[in-house]
Every structure is written in structure tokens, then in C-alpha cells.
Amino acid sequence: MTKAIFWAGGKAAAQLQACLDVDNKNGISLFLSQWRERLRKSDFRAGCPIVDAAIEAPQEPEGEKVKNALPQVFNNWQSLIADHLISQGHSVSNAQTLALGIIASIEGAVVLCRAHQNIQPLDAILKCVPKLMEYNA
């Protein structure tokens, strides 16, 4: 299962990095727009396999290995976003905090979209994340 976690996490990281490379200013919004389409086209069945693994890890036979793999994936995503924010002029501390908040917002929105069976939570963060990124303490 840990191989699958690292594979899925790497795939998402590559997609995120590609979005950041394509549009330096709006790459995260582009990534969110792709998630929006993925959810809509799947009738809200598509979710984040990393979050699914985090929820199910305690019940899995190899739960400890999974629990050790998950933070590595999330930390990689946080680093990608933080590095991007630093390149945009944010301080390291602010970039780390914002990156964590952005990841939490994305993951929470995906879960809420699936639960509510509508796209409104993701649309909300599509409006909020660019404003968060403007904040530079």
C-alpha cells in the first residue's frame, strides 16, 4: 500500500508542479480547476487517495507503514507550494503556513464536495486561495 501512496502522491505533485510551471501566477488555481473538473466528471466519486489512506490507515494491516508514508507525501506537496510562494516574494515562514493552509483547504473542499455531491466547496476555495496567496506577512 505504501508504494501506491507514494505513486499517487508523486502523480499529484507532478500535476501540481506542471500547473505551477504553466502559469506562474495562477498555477494553484489551475490545479484547483483541474480538480473541479475531475470531481464533476466523476459525479463526485473521485477523491484524493492520500486522504483516503489517511482515514483508513489505522484499520490496515500495515497501518504503521502507511502512517509513516502519508506525512512524506503531504510534506512534499507543502514544499512545492511553499517554494512557489517563496519565488513570489513570501517569507519562508509565511510560505510554509500558507502552503499548509492551501493543502488543508483543497483536501477539505474535495471531501465536502463528495459529501454534499456538489461543487460549491471547491468553487469557494477557487475564490479564497488567490486571496490567501496575496497575503504576505
Among the clusters formed by ILVMFWY side chains lying less than 4.5 Å apart, do Leu100 and Val129 turn up in the same one? no

Please report the interatomic distance CG(Leu80) to CG(Leu20), rounded to the nearest 0.5 Å. 7.0 Å

What's the shortest heavy-atom distance between Gly47 and Arg114, and which atoms? CA-NH1, 3.6 Å

Any side-chain heavy-atom pair from Trp77 and Ile50 closer than 4.5 angstrom? yes

Close side-chain approach of Leu126 and Ser33, heavy atoms under 4.5 Å: yes

Where the side chain of Asn75 meets the backbone of Pro71, is there a donor-acceptor pair that is under 3.5 Å apart? yes

Is there a path from Leu16 to Leu132 through hydrophobic residues (I, L, V, M, F, W, Y) whose side chains come within less than 4.5 Å of each other? yes

Can you tell if the side chain of Ile106 reaches within under 4.5 Å of the side chain of Phe31, non-hydrogen atoms only? yes

Filter on salt bridge (Lys or Arg N to Asp or Glu O under 4.0 Å), then keep only pairs touching residues 116-134, sequence neighbours left out; what's left? Arg36-Asp123

As an exercise, state the distance from SG of Cys128 to CD1 of Ile125, rounded to the nearest 0.5 Å. 8.0 Å

Counterpart residues, ring pair (Phe, Tyr, Trp, His ring centres under 6.0 Å), relative to Phe44 (two or more places apart): none

Who are the side-chain hydrogen bond (donor to acceptor under 3.5 Å, both in side chains) partners of Gln17, not counting sequence neighbours? Asp21

Met133 versus His84: any side-chain heavy-atom pair under 4.5 Å? yes

Mind listing the closest non-hydrogen atom pair of Gln78 and Ala99 along with its distance? O-CB, 3.5 Å

Same cluster or not: are Ile103 and Leu70 linked, directly or through other Ile, Leu, Val, Met, Phe, Trp or Tyr residues, by side-chain heavy atoms under 4.5 angstrom apart? yes

Looking at CD of Glu37 and CG of Leu122, how far apart are the two atoms once the value is rounded to the nearest 0.5 Å? 10.0 Å

Here the pair of heavy atoms bringing Ala8 nearest to Pro49 is CB-CG, 3.7 Å

Identify the heavy atoms of Ser87 and Asn24 that sit nearest to each other, and give their distance. OG-OD1, 4.5 Å

Any side-chain heavy-atom pair from Leu112 and Gln120 closer than 4.5 angstrom? no

Testing the basics here: between Gln96 and Ala82, what is the closest heavy-atom pair and its distance to 0.1 Å? NE2-CB, 3.6 Å

To the nearest 0.5 Å, tell me how far Gln72 CD sits from Thr2 OG1. 9.5 Å

CD1/Ile119 to CG/Leu39 distance, rounded to the nearest 0.5 angstrom? 5.0 Å

So salt bridge (Lys or Arg N to Asp or Glu O under 4.0 Å) across residues 80-104, not counting sequence neighbours, yields none

If we ignore hydrogens and angles and just use 3.5 Å, is the side chain of Asp23 paired with the main-chain N or O of Asn26 as donor and acceptor? yes

Is Val73 reachable from Val51 through a run of hydrophobic residues whose side-chain heavy atoms are each under 4.5 Å from the next? yes

Restricting to side-chain hydrogen bond (donor to acceptor under 3.5 Å, both in side chains), what partner residues turn up for Asp43, sequence neighbours left out? none

Members other than Val22 in its cluster, when Ile, Leu, Val, Met, Phe, Trp, Tyr link by side-chain heavy atoms under 4.5 Å? Leu30

Is there a side-chain contact between Trp35 and Cys113 in this structure, where contact means two heavy atoms from C-beta onward sitting under 4.5 Å apart? no

To the closest 0.5 Å, what do you measure between CZ (Arg45) and CD (Gln117)? 9.0 Å

Are Ile28 and Ile86 connected, step by step, through hydrophobic side chains (Ile, Leu, Val, Met, Phe, Trp, Tyr) whose heavy atoms are closer than 4.5 Å? no

